[in-house]
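The block underneath contains the structure these notes are about, expressed in structure tokens.
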Amino acid sequence: MSASEGFSRLLLSVRRPESMVSAYCLLLAVIAAVGLTHGYHYHRKQLYPRPEPQLQVKSGDPLAPYDRGGIPLRRPGIAVSQYPQFEPSRGWVTSYLTPFTRWLARHSRHCGTTIVSHPGGILDEILYYTRGLDTVLESSIMFVGFVIFSWVVRMKTVTEREMGRRE
Amino acid sequence: MIVVDTVLGLLEAFFVGSVYLGLHRKVIARIQRRPGPPIIQEFLHTLKFLMKEAYAPITAAGFLYWLVPVFNVIVWSSAVTISAVLEGNLLPFFALYAAYKVLSHGAGVSAGSTYTKIGGVRHAIMPAGELALACSLVSAYFITGHADVAGILAWERAHGPLIEHAPFSALAFFTLLWIDAPYSPLDPSKGYDIVEGYLTEYPGFLRGLMCTAEALKFYCELWIFQAVFLGVSDPATHLLVMGALTILLAVLCAITPILTPYQAVGVHVLVASLMFLDALIR
Amino acid sequence: MQLVPATVPELTVRMYHAAVAVGLAAGLIATADILADRNPLNRLTMTDAVEIGALALLASVGTDLAECLILPGLVVGLAELMATSEVLIARHSDPRSLPRFDPLDMEVLRTAPTALMIGLALYGVLLTGFTGGAVAGTGAAFYLFSRVNRPRYEEWRGMESLSGLGWALWVIGFSLFFLHPRYWLLALLLAGTGGILVKVGPKLSLFGYVMGYDVRVGAGDVPER
Amino acid sequence: MYPSGEVFTVIPLGDIVPYLSTVNAVILGVLIAVLLLPILSRTDIYVEVDHRRPKIKAKIVTPREDRIKAALALTSTLASVGVVTTGDVFNFTLFLSLLGMSNMGLIGTTVGDDFALECAFHYGLMCLIASLPLFGGAALILASTGTLSLHELMKLPRGAGGWTLTYGKALLTAGVLGEAGVGPFYAVKVDSFRRIWGRYAFVIHLTTLLTFSRFMEILSLLP
């Protein structure tokens with residue numbers, strides 16, 4: 001096989017649908033390999049910083065590691081967000097605990113991490129409020145994925161032949 | 001005042017673009033040892049088509065079929081206006097270029113013939129031309145710090161033409177010019193346009209509009225290349241440089257064989273990855 | 001003790017370089033594998049390893065924000081994986097070759113899944129939020145996995161609209177935060193409960209579909225209840 | 001000063017602040033104007049040339065297929081509107097994922113064609129793999145500058161993030177390539193040889209290509 005023929009075959013390999021994936025993976029592998037040879041620097045001043053891991057747990061905080069201060073319905077917690085002027089009720093979500101969680105936090109020192117599963121707390125502040133659009137989008141993506149999935153199941157995997165007969 | 005400028009600029013773009021397309025054709029013909037049509041042929045030909053009655057094939061998707069030529073002219077008129085006349089921001093150019101690609105696909109699809117559809121599809125399959133365009137425009141912005149043509153020209157008056165600072169970006173943009181030139185080896189929809197191009201089913205006035213858009217496009221791309229990368233801002237030199245570029249493109253198109261669609265895509269992918277790696281290293 | 005430090009702690013900064021390297025290495029290994037092996041199933045599996053690299057890169061930032069960004073990243077990967085794998089199945093499967101099951105007939109198999117599901121779902125609703133969704137979803141999944149107790153396909157079609165309802169609640173809650181900040185508590189609860197429905201509804205209807213079709217096509221002999 | 005010209009409106013949604021500037025408005029205008037074409041026309045009829053008896057044949061699209069495709073095309077359009085207007089890097093990547101997802105669905109829901117499924121599968125693989133560079137790029141940008149908002153990133157001095165930011169930009173570019181760049185390729189592969197669904201191929205081309213023009217603006221906004 002001559003060189004020009006080989007080159008031509010290389011160019012023609014784009015024909016197959018899977019070769020694009022291979023080409024893309026090659027590109028990514030090259031980029032990742034380049035990236036591994038460099039050092040990375042970290043900007044100390046970040047949004048929503050958190051204390052050192054396990055620090056709150058060690059000091060016996062029942063709400064560790066998601067305690068960001070505040071008294072429910074009385075005083076907002078601390079949230080270092082990007083645009084405080086756009087978020088009038090910033091910090092309230094962080095401080096809020098459902099009655100059940102409040103009871104849990106008062107009676108147990110080990111169930112604090114479940115705070116993430118209740119409305120209220122820093123994660124819910126970010127997820128629902130300051131970066132709520134991200135989460136709306138995320139669930140929309142889930143929907144689209146699900147719609148495609150169920151449609152393919154119904155029309156292709158199971159009953160395409162039957163559908164064809166009926167319509 | 002702006003209105004007068006715009007109208008004059010568009011007329012100039014149309015006239016110069018079609019004459020240079022004729023020159024392109026003439027050079028190719030001479031290289032292939034044919035006499036070729038007169039240089040002004042493309043211009044006359046467009047004018048003739050613009051006078052003719054238009055009609056649609058019975059299978060055409062009416063609305064799309066009639067509006068694609070109109071949109072094409074609007075797209076390239078706005079591109080010429082924004083970049084060449086007002087010397088404004090270059091970023092919309094990219095969006096307009098993408099719209100042009102999509103419209104060519106629409107032109108092929110709307111006629112209702114499988115052959116024109118293949119032409120349109122072949123034209124739209126070439127994504128990497130746009131990637132090269134993106135890389136070159138962005139690196140132009142990074143080097144000069146301006147996104148508008150006036151700013152880039154001012155920067156070039158101080159620092160010399162951009163092609164010295166970013167040769168790879170210039171090469172990428174030149175590849176785009178090459179892809180978009182008529183009879184280009186890198187765009188397979190061009191060589192077969194008599195039987196399966198996206199223009200095949202467009203008669204009369206509509207064809208005239210499409211030809212107008214092609215002329216405007218040729219002018220616009222040449223203009224942006226020589227303004228952004230060669231830093232020419234004087235009107236007389238413009239015409240000379242654009243003529244020289246046209247001749248160069250014609251020679252390149254004449255001496256290279258037309259590739260098959262997938263080979264062309266392969267070349268585009270290669271060019272785009274080179275551009276990407278270049279941008280990565282920079 | 002300081003609840004919220006002014007800057008990121010020293011530990012995170014020290015770990016950052018290593019964390020990025022881990023993410024990139026995961027990506028490198030996975031892409032190299034995809035490059036080497038053309039089997040579509042293998043490729044699909046390895047994309048999950050690529051996802052892990054992405055999550056490692058997100059997690060390396062180490063702030064509360066990063067912890068929140070992981071969630072969308074994870075869900076996007078999950079949704080895409082779901083759709084893509086079903087496309088693969090549709091491409092390569094023949095409906096006649098689906099497995100058939102020989103059902104066991106035991107009394108406890110019919111009653112226990114229902115009781116467990118009710119318990120888990122109630123507990124999940126009490127918890128609300130994301131963990132709650134996971135708990136309630138697990139209950140539903142267990143119910144549907146218990147093959148004897150499988151509901152009929154038609155009965156589970158409404159689950160799609162349930163998850164749509166949850167999504168709408170979420171969007172209402174989200175816009176309430178900005179239109180009427182005074183009602184933030186209402187918005188929070190709408191989003192929290194809407195969130196659980198979004199998380200659970202799709203899962204339920206997902207299992208409803210899958211079970212529905214193999215009930216109809218594959219395991220036709222399951223006794224109806 | 002924004003490289004994309006004057007900013008008309010800003011929609012403050014907490015930390016995510018979508019905005020509309022001159023260039024964005026142009027892109028949005030092009031998007032909506034060109035999208036009206038396929039919506040208002042039927043591209044479903046084509047001539048099948050038979051040498052003995054030329055005949056006109058209508059495309060066979062079941063109403064079910066048409067309905068899901070219309071829904072996915074709508075999602076794709078909304079996602080690209082979001083891509084064009086968003087003011088946040090991570091939000092941009094999420095909109096892009098939604099876009100890739102719905103375009104993959106547009107290809108994959110073609111009835112009666114295994115090749116379309118094959119293409120959809122590989123497009124889906126591309127989207128999955130592209131999530132590493134997309135989210136990774138956003139994460140590196142966040143780590144190196146401490147913010148994700150484009151309005152803040154723009155104010156930073158040139159070269160602020162150093163190599164980390166440069167690498168983040170490269171990753172982000174690769175992600176956009178994988179998520180949107182290959183869309184036209186797979187759409188065309190299905191479109192040209194198999195079935196006629198020109199109007200949806202049109203949508204895929206438009207949304208993915210216009211994504212790039214927005215991405216160029218984002219690249220020039222980053223320090």
Side-chain angles (χ1 to χ4, degrees), chain A residues 14-21 23-25 27-28 30-32 34-35 38-49 81-87 90 125-126 128-138 140-145 147-149 151-152 154-156 160 163-164 166-167, chain D residues 12-18 62-65 68 71-72 75 79 82 86 88 90-91 94-95 97-98 101-102 104-105 108-109 111-112 115 117-119 121-123 125-126 129-130 132-133 140 142-149 152 161-164 167 170-171 174 177-178 182 185-186 189:
Chain A
V14 187
R15 197 177 68 242
R16 292 190 305 271
E18 71 261 27
S19 55
M20 271 292 184
V21 180
Y24 187 62
C25 279
L27 180 73
L28 269 194
V30 168
I31 295 176
V34 170
H38 283 71
Y40 293 90
H41 101 111
Y42 189 92
H43 192 76
R44 282 299 285 277
K45 193 126 188 66
Q46 291 277 343
L47 296 173
Y48 307 100
S81 70
Q82 182 84 65
Y83 297 108
Q85 68 271 29
F86 296 149
E87 296 141 14
R90 174 179 47 100
E125 168 108 29
I126 303 175
Y128 296 146
Y129 189 13
T130 58
R131 295 190 69 88
L133 191 55
D134 275 356
T135 328
V136 167
L137 260 182
E138 170 226 315
S140 319
I141 293 174
M142 187 96 188
F143 269 139
V144 173
V147 162
I148 296 169
F149 167 87
W151 195 89
V152 171
R154 248 199 295 189
M155 297 292 282
K156 302 257 173 130
E160 190 176 72
M163 293 281 176
R166 216 179 304 145
E167 283 168 353
Chain D
L13 294 175
D15 277 4
I16 297 168
V17 185
T62 57
R64 281 175 172 231
E65 183 185 351
I68 179 105
L72 287 173
T75 336
T86 186
D88 186 275
F90 194 77
N91 203 239
L94 279 180
F95 269 122
S97 307
L98 183 57
M101 188 82 189
S102 26
M104 175 263 197
T109 50
V111 169
F115 185 74
L117 280 179
E118 183 103 24
C119 283
F121 171 67
H122 286 105
Y123 191 15
L125 274 189
M126 286 291 258
I129 299 169
L132 166 75
L140 282 169
L142 173 65
S144 61
T145 59
T147 178
L148 280 170
S149 168
E152 302 299 315
W163 161 257
T164 315
Y167 190 64
L171 274 184
L177 273 183
V182 292
F185 181 75
Y186 285 119
K189 276 188 85 69

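A, B, ... follow the sequence lines: proteins, then strands. Residue 1 opens every chain. Bear in mind that the values here come from a model prediction, so they are computed numbers and not experimental data.
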*Region of A/Glu87 in contact with chain D, defined by heavy-atom distances below 4.5 Å*: side chain
*Nearest atoms (heavy-atom pairs only) where D/Gly14 meets A/Tyr83*: O-CD1, 3.9 Å
*Can you check whether D/Leu177 reaches A/Leu27 side chain to side chain, under 4.5 Å on heavy atoms?*
yes
_When you compare the side chain of A/Arg131 with that of D/Asp15, does any pair of heavy atoms fall below 4.5 Å?_
yes
*Given that the side chain runs from C-beta out, which part of A/Leu47 has a heavy atom under 4.5 Å from chain D: side chain, backbone, both or neither?*
both
*Side chain, backbone, both or neither: which part of D/Leu142 has a non-hydrogen atom closer than 4.5 Å to chain A?*
both
*Using non-hydrogen atoms and a 4.5 Å limit, figure out which bit of A/Leu133 sits close to chain D: side chain, backbone, both or neither.*
both
_Exercise: identify the closest heavy-atom pair between A/Val21 and D/Met126_ = CA-SD, 3.8 Å
*Return the set of residues passing side chain to side chain contact (heavy atoms under 4.5 Å, CB included) with D/Thr164 (not counting sequence neighbours), or none when no residue passes.*
A/Tyr40, A/His41, C/Tyr16, D/Leu140, D/Ser144
_Residue among A/Gln46, A/Gln82, A/His43 satisfying side chain to side chain contact (heavy atoms under 4.5 Å, CB included) with D/Thr147_ = A/Gln82
_Side chains of D/Val182 and A/Tyr24, heavy atoms from C-beta outward: is any pair under 4.5 Å?_
no
*Heavy-atom distances under 4.5 Å only: say whether A/Leu137 touches chain D with side chain, backbone, both or neither.*
side chain
*asked:* A/Val136: which residues meet the side chain to side chain contact (heavy atoms under 4.5 Å, CB included) condition with it, sequence neighbours left out?
replied: A/Ser140, C/Trp167, C/Trp170, C/Val171, C/Phe174
_D/Tyr186 side-chain N/O to A/Pro17 backbone N/O, donor-acceptor pair under 3.5 Å_ = yes
_Given 3.5 Å as the limit, does a donor-acceptor pair link the side chain of D/Tyr167 with the main chain of A/Ile31, or not?_
yes
